[in-house]
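One structure is given below, encoded as structure tokens.
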Amino acid sequence: MNKAVENVAVALDGIKDGVTIMLGGFGLCGIPENSIGELVKKGTKELTCISNNAGVDGFGLGLLLETKQIKKMISSYVGENDEFERQMLSGELEVDLIPQGSLAERCRAGGAGIPAFYTPAGFGTEIAEGKEVRIYNGKPHILEEALTADFAIVKAWKGDTAGNLVYKAAARNFNPLMAMAGKITIAEVEELVPAGSLDPNQIHTPGIFVQRIFQGKAFEKRIEQRTVRKRD
Amino acid sequence: MNKAVENVAVALDGIKDGVTIMLGGFGLCGIPENSIGELVKKGTKELTCISNNAGVDGFGLGLLLETKQIKKMISSYVGENDEFERQMLSGELEVDLIPQGSLAERCRAGGAGIPAFYTPAGFGTEIAEGKEVRIYNGKPHILEEALTADFAIVKAWKGDTAGNLVYKAAARNFNPLMAMAGKITIAEVEELVPAGSLDPNQIHTPGIFVQRIFQGKAFEKRIEQRTVRKRD
Amino acid sequence: MALDKIGIAKRIAQELRNGWYVNLGIGIPTLVANYIPEGIEVEFQSENGVLGMGPFPFEGEEDADLINAGKQTITTLPGASFFDSADSFAMIRGQHVQLTVLGAMEVSQNGDIANWKIPGKMVKGMGGAMDLVASADNIIVAMMHSNKAGESKLLKNCALPLTGVGCVKKVVTELAVLEIIDGAFHLIERAPGVSVEEIVGKTEGLLIVPEFVPEMQL
Amino acid sequence: MALDKIGIAKRIAQELRNGWYVNLGIGIPTLVANYIPEGIEVEFQSENGVLGMGPFPFEGEEDADLINAGKQTITTLPGASFFDSADSFAMIRGQHVQLTVLGAMEVSQNGDIANWKIPGKMVKGMGGAMDLVASADNIIVAMMHSNKAGESKLLKNCALPLTGVGCVKKVVTELAVLEIIDGAFHLIERAPGVSVEEIVGKTEGLLIVPEFVPEMQL
């Protein structure tokens, strides 16, 4: 099954105003840069974006915030983005903040046909307001529901034409979970290879979860916090 | 952190009569052969075993059934074992049958601190008796609870002294999930290598889930259904 | 003439659509893989953790670590992948698999299926069947029209413990193709040379027979 | 004399036990990794999907794909592994991580913690903090005893929106080590040269002071 498409424009076909999109990545690590660029170009509006972070000013999802294409963000941490904070505090942007582990598990659940599960995270906080509480092992847990999206856009290191994906190091993060939860999942990869080139034992995202795959034109891979030590 | 132990006897230290043990494998594929042999030798009794299958007569968990060391089996499919069927129908053996996907997910949940989740599997069947039902997406789902065990015994292809595991092909099956759910997880591997020898990007079970690891002395790897085609 | 197992498999293979992921149960369903129509590309999922299953291995090339859900030694095709049982059932429960074909002991007119237990007699367990039937949108049952005692397996109500409720969409037997719609079996096709009367006589559940029932084209 | 950030980190490092997996939050907690006592082997988990974190990379060897939860470039040690965010929080929620060290804006005498939001002013989000504090059995808070306005951060009740309830076991500040037991802060140690009176004066919540309060050994 050949899922390879020519370029990012073809890959993002059908993404219309008002859709919900999951975007992989943690901070600026493992984000689908090419697709975000194309969304800016397309000018698609009123988007609901599910992403652990919201990029930074001038990069990642920050680009889509500047152009005001995002109506609502569902994230766990958004502290690196002034424009975000401005839009949120002014009420221009709807924001739903979710504990990071619950966000990850809710995406996985959405992809795995698990409609809801109990977790201790957030009990006793405003996150738990209106949510069912149940005691397990002597500890209160709250009921969290699955998340799905019209589109999931993920970024992988290598991918094959059958849609199998391999991520590199910490750039894996939310990508495999969101790949599971998208009605249509689009993968942008640094290197696209023919089916059969990747070791079947070492696939992080099996091709069944991916509908379209393309090789990104360029990856800036900006570093958010460059921390180094000096050689002795 | 060096988790390597000398041999199977040391690895299985502390497994006492009456404990609950998860054992990885699907059919005879990916089962911890050396550990099962040692359990027979130890003669530990009154065991509750959680394993997708119950081995065959004379191999795998079938060995522990013959010696009547198992009090209760929690499985999804037990159809390959005459002694099992005899003990079950005569009432000597308690049996809890669980849909395979629910078994897998319940083990994962046990390891992941998710005490319960909803699944459509088994609704309207005797599996659902006494279980809470809730409608999600217009479809009835039942509430299933997590499984954990005093010990999980898994079998991997390669492992390092830090407890990181890599499985081969379809021998992965339940092993990574049970590794997560054991209070003490014991890994028997075909090849034990020093920490740093395995690619950190290609670890199936991170070492955090494994408490003891040893290299198995011998692996028979019996084939249950040898099916071949003739060369043209 | 009633179909043999291969005939049933061939007929079910006609249901395959390009790009589908398919899970085949043990027995007749497994045979479907041998009759994929020309121009159709599908990928087979095995719930023990394999995507992209290929044919059985050549003699001497069996690998004990590479089996399907029926515990048979297999091979894989380019683009295959291996994964754990939780991910495997995530694919199934999450409806990423487009077609499930499985056998049954009984099917009822409202789509209930029983295939895992005969109380007091046979208790092999449900394996992955309960997850498969509860999750899949598209379930085809491959079975004989009657059991060994000659009793119909297409019933008003299942007598055996259920595997799933209201989930079977289509049944292919040695005699007929039947669709289940609104609490009734609808006769869609009959096996070459098999009469509508024979099918009616061997179907206990409510059967809707249209004026013209075409023969299967195999 | 009150400790500096490094002093706090050094004192917390004394809490490490051999064989523990440890999650360090952003800020002072991150520094703990630099002061692991001799003979103690621990492994650091970063919730973005890294186990076995090593020191920062040498200049020119930074890898954009290899960062910690603070988005800092890092390295890994032999035996490291990478995994996705669901597996990462499975480790945390499933209590496979033995110690969590994190910062806080406020801690209450019954172990509540607030560290993610100042209504109308600062809303960065909770990140992984809510999962960490709700799951871990062993949570140490590293923070200053007072905020920039000079108000105590060790309170009867938290005023800010909570991150978790009744979960903090120990607090290490520039002035003291405090344990939280049965709804009260218990003064365990004081920083070298810091008086019990100063600690009492800067602690708003219920503080139990034993007859003798030893100085920290750093």
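Chain letters run A, B, ... following the sequence lines, proteins first, then strands; residues in each count from 1. Only heavy atoms go into these numbers, but all of them, side chains included; no hydrogens, no water, no symmetry mates.
- Not one N or O on the side chain of C:Gln72 forms a donor-acceptor pair closer than 3.5 Å with the backbone of B:Thr227.
- Between B:Glu190 and the options B:Lys158, B:Lys221, B:Lys168, a salt bridge (Lys or Arg N to Asp or Glu O under 4.0 Å) holds for only B:Lys221.
- For the set B:Glu126, B:Glu85, B:Arg222, B:Arg106, the count of heavy-atom pairs under 4.5 angstrom toward chain C peaks at B:Glu126.
- The residue among C:Ser85, C:Gly49, C:Ser46 with the most heavy atom pairs within less than 4.5 Å of chain B is C:Ser85.
- Residue with the most contacts toward chain C among B:Asn52, B:Asn81, B:Asn175, B:Leu177: B:Leu177 (heavy-atom pairs, distance under 4.5 Å).
- With chain C as the partner, the residue from B:Pro140, B:Gly30, B:Ser102 showing the most heavy-atom pairs under 4.5 Å is B:Ser102.
- By the neighbour-count criterion of 12 heavy atoms within 6.0 Å, atom NZ of B:Lys139 is densely surrounded, having more than that number from other residues, nucleotides or ligands.
- The part of B:Asn53 that comes within reach of chain C is its side chain, from C-beta onward, which places non-hydrogen atoms under 4.5 angstrom from that chain.
- Chain B forms more heavy-atom pairs under 4.5 Å with one residue of C:Ala69, C:Ala114, C:Ala129 than with any other, namely C:Ala69.
- For a residue to count as touching a neighbouring chain, one of its non-hydrogen atoms must lie under 4.5 Å from one of that chain's; by this rule C:Lys117 touches chain B with the side chain only.
- Interface residue B:Arg108: only side-chain heavy atoms are found under 4.5 Å from chain C.
- Checked by atom type and distance alone, the side chain of C:Glu174 pairs as donor or acceptor with a backbone atom of C:His145 at under 3.5 Å.
- For C:Asp87, no part sits under 4.5 Å from any heavy atom of chain B, backbone or side chain.
- A donor-acceptor contact shorter than 3.5 Å links the side chain of B:Arg172 to the backbone of C:Phe82.
- With hydrogens and angles ignored, the 3.5 Å screen pairs a side-chain donor or acceptor of C:Ser135 with a backbone N or O of C:Asp131.
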Q. Would C:Val177 and C:Val171 satisfy side-chain contact (heavy atoms from CB on, under 4.5 Å), going step by step from the backbone distance to the final call?
A. CA-CA 6 Å; C:Val177 178; C:Val171 182; over 6 Å; no
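- The candidate from B:Gly101, B:Gly79, B:Ala121 with the greatest count of non-hydrogen atom pairs under 4.5 Å with chain C is B:Gly101.
- For B:Leu103, no part lies under 4.5 angstrom from a heavy atom of chain C.
- Looking at C:Ser88, its side chain does come within 3.5 Å of a backbone N or O of C:Glu47 through a donor-acceptor pair.
- Taking the six-membered ring where tryptophan is involved, the planes of B:His141 and B:Tyr136 are perpendicular, since the angle between them exceeds 60° and thus also 30°.
- With respect to chain B, the highest number of heavy-atom pairs below 4.5 Å among C:Asp63, C:Ile92, C:Val50 belongs to C:Asp63.
- Ranked by heavy-atom pairs shorter than 4.5 Å toward chain B, the options C:Phe83, C:Phe56, C:Phe58 are led by C:Phe58.
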